[in-house]
Amino acid sequence: MTITLFISILTVGATVTALLTEAIKKAYANANKEYSCNVIALINALVVGCGGTAVTYMLLGAEWTVNNIICLILMGIAVWIGSMVGYDKIIQLIKQLPNKEEK
């Protein structure tokens with residue numbers, strides 16, 4: 001994976017994830033349901049980042065090597081971090097996960 005391709009997928013992925021997260025948050029708010037913004041962003045980022053990278057590999061005809069699969073996973077994480085817009089959001093998510101009560 002080249003640097004240009006990485007930055008392109010990261011930029012598009014973070015933008016799509018942010019927009020999709022806002023849409024899902026609005027849907028939950030309209031349904032008067034409780035939700036965690038950070039967990040929604042994490043799930044969206046993993047789907048968009050990993051899925052977008054996989055689609056890009058297929059369209060470019062890239063081989064499914066171990067290095068490409070590692071880059072695919074890392075892209076999911078990078079898109080998540082990029083969509084979280086800051087360190088404080090990541091810390092907030094880490095604090096929320098152990099304290100989440102089962103309903």
Side-chain angles (χ1 to χ4, degrees):
M1 177 179 291
T2 64
I3 297 293
T4 305
L5 182 59
F6 181 86
I7 297 298
S8 299
I9 296 171
L10 179 62
T11 303
V12 170
T15 304
V16 169
T17 299
L19 294 172
L20 187 58
T21 299
E22 287 302 317
I24 292 172
K25 284 171 32 180
K26 290 287 182 190
Y28 271 95
N30 289 341
N32 294 324
K33 293 188 177 181
E34 196 173 312
Y35 61 92
S36 173
C37 302
N38 297 330
V39 174
I40 291 172
L42 172 62
I43 294 168
N44 286 337
L46 291 177
V47 170
V48 170
C50 295
T53 304
V55 168
T56 302
Y57 285 166
M58 287 187 219
L59 292 176
L60 294 176
E63 295 182 24
W64 288 93
T65 62
V66 173
N67 288 342
N68 282 346
I69 293 171
I70 291 170
C71 287
L72 183 138
I73 294 166
L74 292 176
M75 182 59 72
I77 296 168
V79 168
W80 170 55
I81 291 171
S83 68
M84 294 295 283
V85 191
Y87 176 77
D88 58 332
K89 292 286 186 180
I90 295 169
I91 295 300
Q92 180 184 5
L93 172 68
I94 292 170
K95 289 179 182 176
Q96 281 179 351
L97 290 177
N99 297 331
K100 189 71 179 171
E101 296 177 6
E102 292 184 35
K103 296 186 179 197

Q: Can you confirm whether L60 is buried at CG, in the sense that more than 12 heavy atoms of other residues, nucleotides or ligands lie under 6.0 Å from that atom?
A: yes
Q: Tell me the closest heavy-atom pair linking C50 and I73, and the distance in Å.
A: SG-CA, 4.4 Å
Q: Using side-chain heavy atoms (C-beta onward) and a distance below 4.5 Å, is Y28 in contact with I40?
A: yes
Q: Of the non-hydrogen atoms in G82 and A14, which two are nearest, and what is the gap between them?
A: C-CB, 4.2 Å
Q: Roughly how far, to the nearest 0.5 Å, is CD1 of I81 from CG of L42?
A: 10.5 Å
Q: Identify whether L19 and V79 are in the same connected component of the hydrophobic contact network (ILVMFWY, side-chain heavy atoms under 4.5 Å).
A: no
Q: Listed by chain and number, what are the side chain to side chain contact (heavy atoms under 4.5 Å, CB included) partners of V12, not counting sequence neighbours?
A: V16
Q: Answer with yes or no whether the hydrophobic clustering places I77 together with V55; edges join I, L, V, M, F, W, Y residues whose side-chain heavy atoms lie under 4.5 Å apart.
A: no
Q: Tell me, which pairs form a side-chain hydrogen bond (donor to acceptor under 3.5 Å, both in side chains) where one or both residues lie in residues 42-66, sequence neighbours left out?
A: T21-N44
Q: How far does CH2 of W80 sit from OG1 of T17, to the nearest 0.5 angstrom?
A: 12.5 Å
Q: Do you reckon L5 sits in the same ILVMFWY cluster as L59, going by side-chain contacts under 4.5 Å, direct or chained?
A: no
Q: Minimum heavy-atom separation for A78 to F6, with atom names?
A: CB-CZ, 4.2 Å
Q: What's the spacing between I43 CD1 and L20 CG if we round to 0.5 Å?
A: 11.0 Å
